[in-house]
Structure formats: structure tokens, C-alpha cells
Amino acid sequence: MDALLTKTEALVVPTKKKISGSEVLLRSLVAEKVTTLFGYPGGAIMPVYDALYGYADQLTHILVRHEQGAVHAAQGFARVSGRVGVALATSGPGATNLVTGLADALIDSTPIVCITGQVFAHLLGTDAFQEIDVVNTTLPVTKWNVQVTEAKDIAPAVAKAFYIARSGRPGPVLIDITKNAQNELIEEFEYKHCESIRTYKPSPVLQISQIEAAAKLINSAKKPYILAGQGNILSGATKELVEFSEKTGIPVACTLLGLGGFPTDHPNYVGFLGMHGNYGPNVLTNDCDVLIGIGMRFDDRVTGNVSKYARQAKVIHIDIDKAEINKIIKTEVAVLADAKEALQSLIKKCDANKHTEWIDKFRALNEIENEKIVRKEFNPSGELVMGEVIHLLSEMTKGEAVIVTDVGQHQMTTSRYYEYKKPRTNITSGGAGTMGFALPAAIGAKLAGPEKQVVAVIGDGGFQMTIQELGTVMQYKVPVKILVLNNNFLGMVRQWQQLFHEKRYSFTEMDNPDFVKLAESYRIKARKVEKREELQSAIREMLEAKSSYFLEVVVGKEDNVFPMVPAGASVSDIILEAPTSV
């Protein structure tokens with residue numbers, strides 16, 4: 001009998017341990033080397049949060065105060081670290097609150113993965129409580145999205161999501177997981193990273209013939225000009241861009257998101273492009289003979305009136321996204337490639353050269369800007385203005401802090417006066433122009449780079465759109481610095497109303513709360529500055545603080561940002577001051 005039992009027991013195959021879909025998700029995130037999650041729990045994502053309780057040693061979860069805060073924090077984390085940011089939300093309004101951040105990440109090429117809970121699969125399509133068709137809702141604002149209804153499909157979906165988010169032109173991905181899939185038990189698994197997708201080719205093959213055609217134009221050019229976008233930063237091509245400019249002697253201007261991709265103190269750097277960019281870089285766009293766009297998309301804020309944009313120039317466009325080539329500006333030579341790979345090849349093909357006289361033209365025009373704008377702005381007897389605050393911040397941080405800006409006048413002023421020295425230090429909402437971006441994005445930025453000085457520069461309007469995230473700063477003791485430039489107006493809209501709507505300030509003036517008391521209620525050290533003689537000591541106190549710090553600086557109510565390219569105008573019609581009729 002004993003022998004029979006032994007024989008029977010020998011035939012029994014031990015069953016594999018079973019784990020829930022929620023644990024499959026968390027194990028998959030760990031396998032993708034995720035360390036930080038930003039999220040807000042709710043009913044449809046609760047199984048994931050229950051499983052997350054046991055992953056405290058592997059995954060740090062930051063409880064934000066609104067789902068929009070989660071997605072913007074994930075963006076800030078991604079932009080500083082270069083890794084994929086991750087946000088969690090529940091179904092229904094939790095998921096739809098992510099849409100603004102998804103749209104922002106899509107247009108600004110930010111790699112994030114958002115994971116949303118969803119109602120049970122058998123309830124889909126019944127208008128169940130907090131059921132929203134998240135896949136179709138987010139289809140226009142994601143690089144890819146998917147709904148998972150079975151636990152066995154969670155790990156493959158995560159692998160595919162991270163591959164798509166980070167490869168090629170980066171972007172946002174959303175995974176919607178039904179509650180039954182989160183609860184379902186399946187056997188333990190071995191996570192497989194996604195390395196290719198048959199129908200998705202994110203990395204185009206560099207065509208040497210196009211590099212040679214571009215080099216031929218560059219070598220024969222008398223007035224070549226580089227427009228550097230964020231693609232240089234995303235591809236890790238900033239060193240190559242400097243080397244290329246130094247070898248060829250070509251001047252470089254940066255787009256809004258390209259700031260930090262080329263050192264502002266480099267002799268070949270000529271300024272900031274765009275509607276509120278520097279005078280020389282805008283005007284001379286319509287004077288160059290070869291225009292080289294690298295990792296940028298010729299958006300309307302850069303081109304102004306397209307019919308009057310660089311008509312005299314032969315355009316070389318280097319971009320990894322085929323959809324951007326010839327979308328807005330017709331190119332002479334299109335180089336469909338990763339910016340780093342393209343520049344490495346171009347450096348070898350291009351001749352050494354100098355364009356001293358050409359660069360001097362930029363210097364001369366920018367000196368006109370200094371005379372008409374900069375020196376007048378820094379008037380020691382007048383009101384405090386945004387420009388002098390940012391200039392002082394730049395000097396005191398040596399242009400090396402991570403600056404996270406919101407959207408509006410302060411954003412354009414910061415882009416003009418902060419002298420960025422390093423890549424991934426300019427974090428802002430570019431294409432979408434999302435007010436409320438800066439505070440949560442700064443939280444993510446600081447958690448991605450705890451050793452870095454992170455300063456959020458925000459207007460009083462945008463600050464109040466996500467002001468609740470002060471609670472996140474408080475709870476997790478995030479030592480981020482918050483600088484609010486307060487003019488008691490929605491400043492950029494007011495500027496347009498002043499210049500183009502006969503000073504009809506329709507619903508742009510703001511009655512604001514006592515920001516200092518509000519910050520202090522969140523246990524954040526705070527200070528308000530209204531006098532110029534207090535500014536330097538206040539900024540120093542903010543920068544030297546070991547914990548979070550809130551600084552409010554009151555600036556002129558009708559402080560405008562110039563230069564400015566009026567809507568519908570050519571970039572060469574940029575104005576340096578308000579028309580005399582205003």
C-alpha cells in the first residue's frame with residue numbers, strides 16, 4: 001500500500017502558482033524598469049491599487065490631487081529622465097481627466113504610458129456607472145491605445161505600449177484594463193520585452209544619397225541657417241549638433257522646445273525662434289539661402305504666415321517622422337532619419353567653413369532688440385517686470401537649473417531671458433499650450449532628478465488651474481521651487497486685447513487669493529516680493545531652501561512681451577514695440 005501511494009504521488013505534477021491580472025501589470029512595469037507612478041485610485045482600478053500595496057519596495061506611487069496632475073507629472077518625469085513616464089487613473093471621469101495631458105504629450109513628443117481601469121467586460125456598452133469609451137475618446141490624442149479584457153493579454157499590451165511610447169518619435173500610449181481582467185487569475189509568466197512590431201517601423205533607414213544632397217547644398221551655401229528643435233534633445237544629438245555647427249560655422253537658433261539643445265553661450269547661438277522670439281533669428285529667416293530644420297516641425301508659431309516664409313531659401317528638413325516632411329514647408333532635401341544618426345553622417349560629408357559675416361548680421365539685429373527692448377525693460381526706477389526676474393534667476397542658477405514653465409507671458413519671457421546651458425532643462429507645454437502644466441510637471445521633474453535644482457515658473461492664472469497639487473508637494477515633501485509672476489491678469493490674452501482689441505480687457509483681470517497664506521496652509525515656506533531691492537535676496541532664499549519654497553513676485557499689470565510676430569504676419573514683420581496708435 002505504501003509503495004502504491006508513493007507511486008501515485010510521483011505522478012502528481014505540482015500546479016504553478018497563479019497570480020491576478022493586477023499583479024501581472026505590476027510585474028510588467030517592474031520588468032520595464034519603472035520606478036515611479038503618478039495616480040489617483042477609484043473603483044475600476046482598485047484591484048491594481050490593492051496589488052500595489054505589496055510593491056512599495058519596487059514601485060513608488062505618488063498620489064496626486066487630480067488625474068490631470070498625474071499625467072502632467074508623468075510628462076515632467078519623462079522629459080527630465082528620458083524614460084517613459086507612467087500615470088494611473090480609474091474609469092469614466094478619471095480617464096477623461098487624462099485627455100489634456102495625453103494631447104499635450106502627443107504634440108510635444110513625450111513618452112508616457114497611461115493605465116486606466118474600466119468596468120467589467122460584460123458591462124461594456126451598457127452605460128454602466130463610470131463607463132466611458134476610453135479607447136475611442138483617446139484615439140486622436142495617443143500614439144497607440146488598447147483595451148484589455150483578459151488577464152493573459154495584459155503583459156503583451158504593456159510590452160507593446162512601452163516599445164511604441166519610447167521608439168521613433170516618442171509619444172503617449174494608453175492601456176484600458178477591465179476590472180475582470182485585473183481580478184482574473186492566471187499562471188505565473190515570464191515577461192517578454194517587445195522589440196519589434198511587423199506593421200510599425202519607427203526607425204527609418206538613413207539614405208546616404210539624401211545626406212550627400214544635403215551636404216552639397218550646405219557646402220555651397222553663403223548664408224546657411226540651422227533651426228534646432230526638440231528632436232535633437234530626444235535623439236541625444238546635442239553634442240553632434242554643436243560639432244556640426246562648429247565645423248560648418250553655421251548659426252543656430254532654437255525653437256521653444258529646442259531650448260537647451262544648444263548652449264546659449266556658444267558663439268554660434270543666435271537666439272530663440274518664434275512669435276515672441278529674438279529679432280535676428282526671425283527676420284533673417286527670410287534672408288538665408290539654405291535653411292536646415294533639424295528635429296522640428298515648422299509649426300505656425302515658428303513660420304508665421306507660411307506663404308511669406310523663407311521663400312528665397314532651399315530647405316533641408318531632418319526629421320524621424322515622415323508625416324512632418326513637406327507637411328507645412330516644401331523641402332528641397334528631406335532626410336528621414338534620427339537626428340543623431342543624420343548629424344553624424346552630415347559631419348563627415350560637410351566641409352569645414354566659417355560664416356562670420358553672416359553671424360554678425362544676427363548680432364547686429366539682436367543689438368537693436370537690446371536697445372529697443374531689453375535695456376528699457378530693466379528700468380531700475382519702474383515697476384518690476386518679468387524679464388528682470390528671469391534674467392536674475394538665470395544668473396543665480398548659472399543657466400543650469402531645470403526650469404518648468406506654464407503657458408503665457410511668463411513662458412515667453414523665460415524662453416527669452418533664461419540662458420539654458422544643458423539639454424532636458426527646459427520643460428514646457430509647447431504645441432498644446434496647456435495652462436496648469438507647470439506645477440504637476442515640476443513635481444515629476446524633481447522626482448526624476450532629485451539632485452537637480454527644479455524651479456517652476458508660473459503665471460497667476462495657470463497656477464490656479466492645478467493649484468491643488470500643492471497638496472502633493474506637501475504630502476511627499478517634494479523640494480520643488482515655485483515662482484509665481486503675478487500681474488493679476490491673464491497676461492497673454494490681455495496683451496492681445498491691448499494691441500489688437502483696443503484695450504477691451506474682456507474677462508482677463510483676476511482677483512487673486514493671498515497666495516502666500518495659501519502656500520503656508522500647505523506647510524510650504526512662502527514669501528512675496530513687490531520691491532526690486534528685495535528680489536535678489538528672495539530668489540537666493542528660494543534657491544538655497546532645502547525643502548519646497550513658494551515665491552510670489554508682483555510684476556507690472558501691463559507688462560508686455562516683445563518682440564512679437566502679429567497673427568498672419570511674416571516672421572520678418574516682427575514688431576519690437578506696441579504700435580503708436582495703441
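Every heavy atom of this structure was used, including side-chain atoms; hydrogens, water molecules and symmetry mates were not.
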(request) I would like to know whether Asn487 and Glu558 meet side-chain hydrogen bond (donor to acceptor under 3.5 Å, both in side chains); could you show each step before the answer? (result) CA-CA 8 Å; Asn487 58 9; Glu558 293 189 304; over 6 Å; no

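- Ion pairing between Glu552 and Arg527 fails under the 4.0 Å rule for side-chain N and carboxylate O.
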(message) side-chain hydrogen bond (donor to acceptor under 3.5 Å, both in side chains), that's the test. Do Tyr191 and Glu32 meet it? Break it down for me.
(response) CA-CA 9 Å; Tyr191 185 78; Glu32 289 289 349; 2.7 Å; yes

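- Two rings, from Tyr417 and His391, have their centers 6.0 Å or more apart.
- Inter-residue side-chain proximity for Met412 and Met564 is flagged as unmet; no heavy-atom pair is nearer than 4.5 Å.
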(request) Apply side-chain hydrogen bond (donor to acceptor under 3.5 Å, both in side chains) to the pair Thr428 and Gln411, showing each step before the final yes or no. (result) CA-CA 8 Å; Thr428 195; Gln411 177 192 34; 2.8 Å; yes

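- No side-chain heavy atom of Val173 sits under 4.5 Å from any side-chain heavy atom of Thr142.
- How far CZ of Phe77 is from NZ of Lys446: 13.5 Å, rounded to the nearest 0.5 Å.
- Between Tyr279 and Phe362, the ring centre distance reaches or exceeds 6.0 Å.
- Checked against a 6.0 Å centroid threshold, the rings of Phe550 and Phe463 count as neighbours.
- Using the six-membered ring where Trp is involved, His61 and Tyr49 have ring planes that are perpendicular, over 60° apart on the 30 and 60° scheme.
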(request) Just do the side-chain hydrogen bond (donor to acceptor under 3.5 Å, both in side chains) check on Glu509 and Asn488 with the steps written out, would you? (result) CA-CA 6 Å; Glu509 189 165 10; Asn488 290 102; over 6 Å; no

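- Distance CD/Gln497 to CG/Leu490: 8.5 Å, rounded to 0.5 Å.
- Side chains of Asp559 and Gln409: a donor-acceptor N/O pair is absent below 3.5 angstrom, by distance only.
- Looking at Thr397, Asn426, Thr264 one by one, the single match for side chain to side chain donor-acceptor pair (under 3.5 Å) with Tyr418 turns out to be Thr397.
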